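Notes to accompany the following structure.
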Protein chains: 2
Amino acid sequence: MVTSQTPSRFDVFNQHCPTRLVLDRLGDKWALLILHRLQDGPVRFNSLRRDIDGLSQKVLSQVLKRLERDGILARQAFPTVPVTVEYSLTPLGRTLKQAVSALTHWAEENMPQIMAAQQEYDGRLQESA
Amino acid sequence: MVTSQTPSRFDVFNQHCPTRLVLDRLGDKWALLILHRLQDGPVRFNSLRRDIDGLSQKVLSQVLKRLERDGILARQAFPTVPVTVEYSLTPLGRTLKQAVSALTHWAEENMPQIMAAQQEYDGRLQESA
DNA sequence: CCGAATCCTTGACGATACTG
DNA sequence: CAGTATCGTCAAGGATTCGG
């Protein structure tokens, strides 16, 4: 098995666009949820799995491995009887979390405006029907 | 044709998590590229299509329509002989663009660290093989 | 020129089963 | 407990065609 990493969904833009860098790491369904869940300290594998509803072990381990490879989070295994593994944010991961917070803020503040815009947009569709 | 909008890729979290709100709008391949392309003024449909390599008309019109519905960008059609359509950022869209810039900044500053982390990670894989 | 409609491929994700 | 391996599903997106 060759350990070639996910070529991600991009071909051309990956290297050129820094925004892509972020999106390719956080754009999936779960990465942000995981980051959010880790911000208050280390969390174990199955704890994450339980807390995030609908997330399968397969995908969880995939995302964790990718984020660990990127240096965004750290994995520590304890040689207890059944193995214990904790995941935590690295300093790099914490700065990322902060940057994401800016967007979260935007979303919270502008959610109403977006809803309103949608209402109006759908309304205009009605009258032209 | 029912005008039900994309239920997006989420079931549970959509309403609860504001981060989702952003990601569901910008998480696809192209939205960010389009936003970036529009920041300096109105751009025409085919101009966007040409400038963003690999983007099909179908997907372009989909994304444009969605962003227009969200009030992030505006569409203006001129009744010229072959129709002319311009897309531009709304005020709301501009604030979003600013918020995104925070992430872009993070990416630019930390790209080297990520690359380094990947190198080290892959290196550790080698020696354990 | 600006799209909408259709078909098809691909890859992300879920479910399940199995290992250390 | 913490994963890996395999399979099937499903929707995003590319290619193409047609309409206003």
Side-chain angles (χ1 to χ4, degrees), chain A residues 1-13 23-34 42-69 73-87 125 128-129, chain B residues 1-13 23-34 42-69 73 75-87 125 128:
Chain A
M1 162 191 169
V2 188
T3 52
S4 77
Q5 219 57 23
T6 81
S8 227
R9 35 181 193 195
F10 254 63
D11 354 286
V12 209
F13 308 108
L23 218 56
D24 280 344
R25 265 137 197 100
L26 273 39
D28 61 282
K29 264 186 177 175
W30 309 108
L32 279 181
L33 280 304
I34 295 175
V43 183
R44 304 198 11 209
F45 186 92
N46 272 345
S47 177
L48 282 172
R49 183 166 132 54
R50 270 191 307 271
D51 292 350
I52 305 180
D53 196 71
L55 173 55
S56 61
Q57 320 102 311
K58 176 191 155 187
V59 175
L60 176 56
S61 60
Q62 280 178 353
V63 179
L64 286 176
K65 193 181 288 185
R66 190 161 48 90
L67 292 176
E68 185 198 356
R69 183 174 115 102
L73 54 81
R75 183 195 123 114
Q76 187 174 14
F78 303 95
T80 52
V81 178
V83 200
T84 300
V85 180
E86 280 185 357
Y87 290 89
L125 283 190
S128 68
Chain B
M1 160 190 169
V2 188
T3 51
S4 77
Q5 217 58 23
T6 83
S8 226
R9 35 180 194 195
F10 254 65
D11 353 288
V12 208
F13 308 109
L23 219 56
D24 279 343
R25 265 136 198 101
L26 273 40
D28 61 282
K29 265 188 180 176
W30 309 109
L32 279 181
L33 280 304
I34 296 175
V43 182
R44 307 209 359 221
F45 186 91
N46 272 344
S47 177
L48 281 173
R49 182 167 133 55
R50 270 191 307 271
D51 292 350
I52 304 180
D53 196 70
L55 173 56
S56 62
Q57 319 100 313
K58 175 192 159 187
V59 176
L60 176 56
S61 61
Q62 279 178 352
V63 178
L64 286 175
K65 192 183 289 185
R66 191 161 46 92
L67 292 176
E68 185 197 357
R69 183 174 115 102
L73 53 82
R75 183 194 124 116
Q76 186 174 15
F78 303 95
T80 52
V81 178
V83 198
T84 300
V85 180
E86 280 185 355
Y87 290 90
L125 283 191
S128 69

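All heavy atoms count here, side chains included; hydrogens, waters and symmetry mates do not. Residue numbering restarts at 1 for every chain, and letters A, B, ... go by the order of the sequence lines. No experiment lies behind these values; they were computed from the predicted model shown.
Going from atom CG of Leu125(A) over to atom P of dA4(C) covers 11 Å, rounded to whole Å. Distance NZ (Lys65(B)) to P (dA12(D)): 15 Å, rounded to an integer number of Å. Put simply, CD on Gln76(A) is 16 Å from C1' on dC1(D), counting in whole angstrom units. Across the protein-nucleic acid pair, Gln62(A) atom CD and dT4(D) atom C1' stand 11 Å apart, rounded to whole Å. Remark: C1' of dA2(D) and CZ of Arg50(A) are 12 Å apart, rounded to the nearest angstrom. Rounded to whole angstrom, the span from the CG atom of Leu64(A) across to the P atom of dC13(C) amounts to 13 Å. The interatomic distance linking Leu60(B) (CG) with dA4(C) (P) rounds to 10 Å, in whole Å. Going from atom CZ of Phe45(A) over to atom C1' of dA2(D) covers 6 Å, rounded to whole Å.
When distances run from any side-chain atom of Asp28(A) to the nucleotides dC1(C), dC1(D), dC13(C), the shortest one goes to dC13(C). Here the nucleotide nearest the side chain of Ser61(B), chosen from dC1(D), dA4(C), dG3(D), is dA4(C).
Pairing each heavy atom of Leu55(B) with each of Arg49(B), the nearest pair is O-NH1, 3.4 Å. Residues Phe45(A) and Gln57(A) share a closest heavy-atom pair of CZ-O, 3.9 Å. The two residues Ala77(B) and Val85(B) have their closest heavy-atom pair at CB-CG2, 4.1 Å. Scanning all heavy atoms of the two residues, the minimum distance from Leu67(B) to Ala31(B) falls at CD1-CB, 4.4 Å. Residues Ile52(B) and Leu33(B) approach most closely at CD1-CB, 3.9 Å, considering heavy atoms. Closest heavy-atom contact between Val83(B) and Phe78(B): CG1-O, 3.8 Å.
Considering only side-chain N and O atoms, Arg44(A) lies under 4.0 angstrom from the phosphate OP1 or OP2 of dA2(D). Between Tyr87(A) and dC1(D) there is no side-chain N or O to OP1 or OP2 distance below 4.0 Å.
Among the protein residues, Phe78(A) comes within range of no part of the nucleic acid, since none of its heavy atoms lies under 4.0 Å from any strand.
For the helix from dC1(C)-dG20(D) to dG20(C)-dC1(D), the axis fitted to the five pairs at one end and the axis fitted to the five pairs at the other end meet at an angle of 40° (nearest 10 degrees).
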Below 3.5 Å between N/O atoms, which protein atoms pair up with nucleotides 14-16 of chain C? Just atom names and distances, please.
| unit_1 | atom_1 | unit_2 | atom_2 | d |
| --- | --- | --- | --- | --- |
| dG14(C) | OP1 | Gly54(A) | O | 2.9 |
| dG14(C) | O6 | Lys58(A) | NZ | 2.2 |

Check the pair Asp28(A) / Arg66(A) against side-chain contact (heavy atoms from CB on, under 4.5 Å), numbers first and verdict last. CA-CA 12 Å; Asp28(A) 61 282; Arg66(A) 190 161 48 90; 3.0 Å; yes

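With sequence neighbours excluded, the residues satisfying side-chain contact (heavy atoms from CB on, under 4.5 Å) with Arg44(A) are Ser47(A), Thr84(A), Glu86(A).
Side-chain atoms of Val43(A) and Ile34(A), non-hydrogen and from C-beta on, never get closer than 4.5 Å to each other.
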